[in-house]
Amino acid sequence: MPTIPAKVSVFGFPLHLVDNAPEWLLMQQRDGRGQHVITLNSEMVMLAERTPEFADVLHRADLVIPDGSGVILYLKLHGLSVPRLPGIEFAEALLRLANEAPQPKRVFFYGAAPGVAEKVAERWHRELPNLKIVGVQSGYHDAATEVALIEKLKETQPHIIFVALGVPRQEYWIDRHRHICPEAIWVGVGGSFDIWAGVKKRAPKLFQKLHLEWLYRLYQEPWRWRRMLALPQFAWKAILSRLHGRQRFSS
Ligand code: UDP
């Protein structure tokens with residue numbers, strides 16, 4: 001039985017520590033506005049520091065899990081050693097557990113380039129046949145398609161909705177729409193559809209182990225360099241906050 005997540009703060013933003021996040025989520029009673037899961041990394045923390053709207057979305061989320069290596073570094077510097085839970089691994093674990101549920105769980109895949117969400121749905125349908133995939137929608141569309149998408153979500157009431165529009169668009173989108181499926185778990189999954197569909201490759205295990213997944217990403221997508229400056233900025237801030245002795249967790 002998973003325990004209630006402990007909440008800690010990363011520069012004032014919430015982060016939850018839970019042993020088995022998928023199990024905990026599937027067991028929760030929803031509170032009528034859907035459950036928003038955010039997979040936190042340093043880029044998001046830096047964004048939240050300069051953007052009050054994004055900070056509010058983070059504070060409103062029901063579960064914020066430690067995705068990025070920077071976040072793990074921050075916790076470690078403040079005396080708390082926790083494992084990383086990459087968003088893509090969390091999302092897969094959630095699907096696998098949902099597949100074992102006695103009543104079929106309805107799943108929706110929204111986001112990524114045209115054709116990608118379809119491939120993702122086919123893959124998971126093959127691997128996890130007990131899931132009921134109730135819809136897919138690419139992340140590039142006009143306003144009329146968005147209206148149709150919202151109708152489809154209202155009508156199908158999925159239990160799990162993955163949104164792959166990139167940060168922060170997916171978090172804003174979920175925050176605005178979560179109430180339309182009050183029983184759902186909503187997760188922003190960034191580039192996970194591209195990886196599940198085989199369009200992009202995840203960093204090799206060694207990079208993951210050495211907390212260098214970001215470096216592999218930069219090599220694959222060099223145009224991200226400006227966005228990724230948030231990483232060293234965050235790491236430096238984390239070191240300074242440790243040196244200044246602010247906040248120390250007891251583990
Ligand atoms: N994307 C989308 N609609 C958009 C912009 C992006 O569907 O208007 C998709 C894009 O095709 C990709 C994902 O969102 O599949 C973003 O992936 P990325 O790796 O950039 O995610 P992040 O690093 O922002 O989490």
Side-chain angles (χ1 to χ4, degrees), residues 13 15 36-48 50-51 53-54 57-58 61 63-72 84-92 94 107-124 135-150 152-153 161-177 186-204 207-208 211-234:
F13 302 109
L15 178 80
H36 186 181
V37 181
I38 293 187
T39 64
L40 192 71
N41 62 30
S42 36
E43 199 183 319
M44 292 159 109
V45 175
M46 296 306 282
L47 176 67
R50 57 178 196 274
T51 320
E53 297 80 30
F54 191 69
V57 172
L58 269 183
L63 191 70
V64 183
I65 60 174
D67 176 334
S69 295
V71 171
I72 299 300
R84 233 189 112 202
L85 180 50
I88 188 165
E89 290 175 19
F90 159 77
E92 285 188 27
L94 183 63
V107 182
F108 200 103
F109 296 100
Y110 169 40
V116 173
E118 282 85 349
K119 278 195 187 152
V120 167
E122 279 162 25
R123 178 202 157 161
W124 288 118
V136 296
Q137 171 59 54
S138 102
Y140 299 86
H141 51 67
D142 55 17
T145 309
E146 170 119 358
V147 173
L149 164 66
I150 291 165
K152 175 107 192 202
L153 287 171
I161 303 166
F162 290 121
V163 183
L165 299 175
V167 173
R169 189 175 303 190
Q170 62 198 19
E171 283 72 28
Y172 285 132
W173 199 88
I174 293 176
D175 190 61
R176 268 202 316 279
H177 294 96
W186 300 73
V187 194
V189 290
S192 301
F193 288 9
D194 296 328
I195 291 170
W196 285 340
V199 176
K200 281 189 190 155
K201 271 203 167 72
R202 205 175 156 202
F207 279 72
Q208 293 175 32
H211 290 277
L212 290 176
E213 205 160 355
W214 59 272
L215 188 61
Y216 186 81
R217 197 115 203 240
L218 190 61
Y219 159 74
Q220 270 199 327
E221 302 165 58
W223 58 89
R224 294 176 78 94
W225 71 271
R226 196 182 288 278
R227 254 182 87 166
M228 289 177 83
L229 286 178
L231 258 99
Q233 285 166 358
F234 176 92

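Numbering of ligands and ligand atoms starts at 1, following listing order. No hydrogens, no waters, no symmetry mates; every other heavy atom, side chains included, goes into these values. Numbers here are sequence positions counted from 1.
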Colleague: Taking Ser192 for its side chain and Val189 for its backbone only, find out whether a donor-acceptor pair lies under 3.5 Å.
Modeller: yes
Colleague: Taking the ring of His177 and the ring of Tyr172, is the distance between their centroids below 6.0 Å?
Modeller: no
Colleague: Kindly say whether the aromatic ring centers of Trp173 and Tyr110 come within a distance under 6.0 Å.
Modeller: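 That pair passes the under 6.0 Å test.
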Colleague: Using a strict cut-off of under 4.0 Å between a residue heavy atom and any atom of ligand 1, list the qualifying protein residues by chain and number.
Modeller: Gly111, Ala112, Ala113, Gly139, Tyr140, Ala164, Leu165, Gly166, Val167, Arg169, Gly190, Gly191, Asp194, Arg217, Arg224, Arg227
Colleague: Does the separation of the ring centres of Phe109 and Phe193 fall below 6.0 angstrom?
Modeller: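 So the answer is yes for these two rings.
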Colleague: Restricting to non-hydrogen atoms, name the atom on Ser42 and the atom on Gly70 that form the minimum distance, rounded to 0.1 Å.
Modeller: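 Looks like OG-CA, 4.3 Å.
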Colleague: Name all residues meeting the salt bridge (Lys or Arg N to Asp or Glu O under 4.0 Å) criterion together with Glu213; count only those two or more places apart in sequence or in a different chain, and write none if there are none.
Modeller: Arg84, Arg202
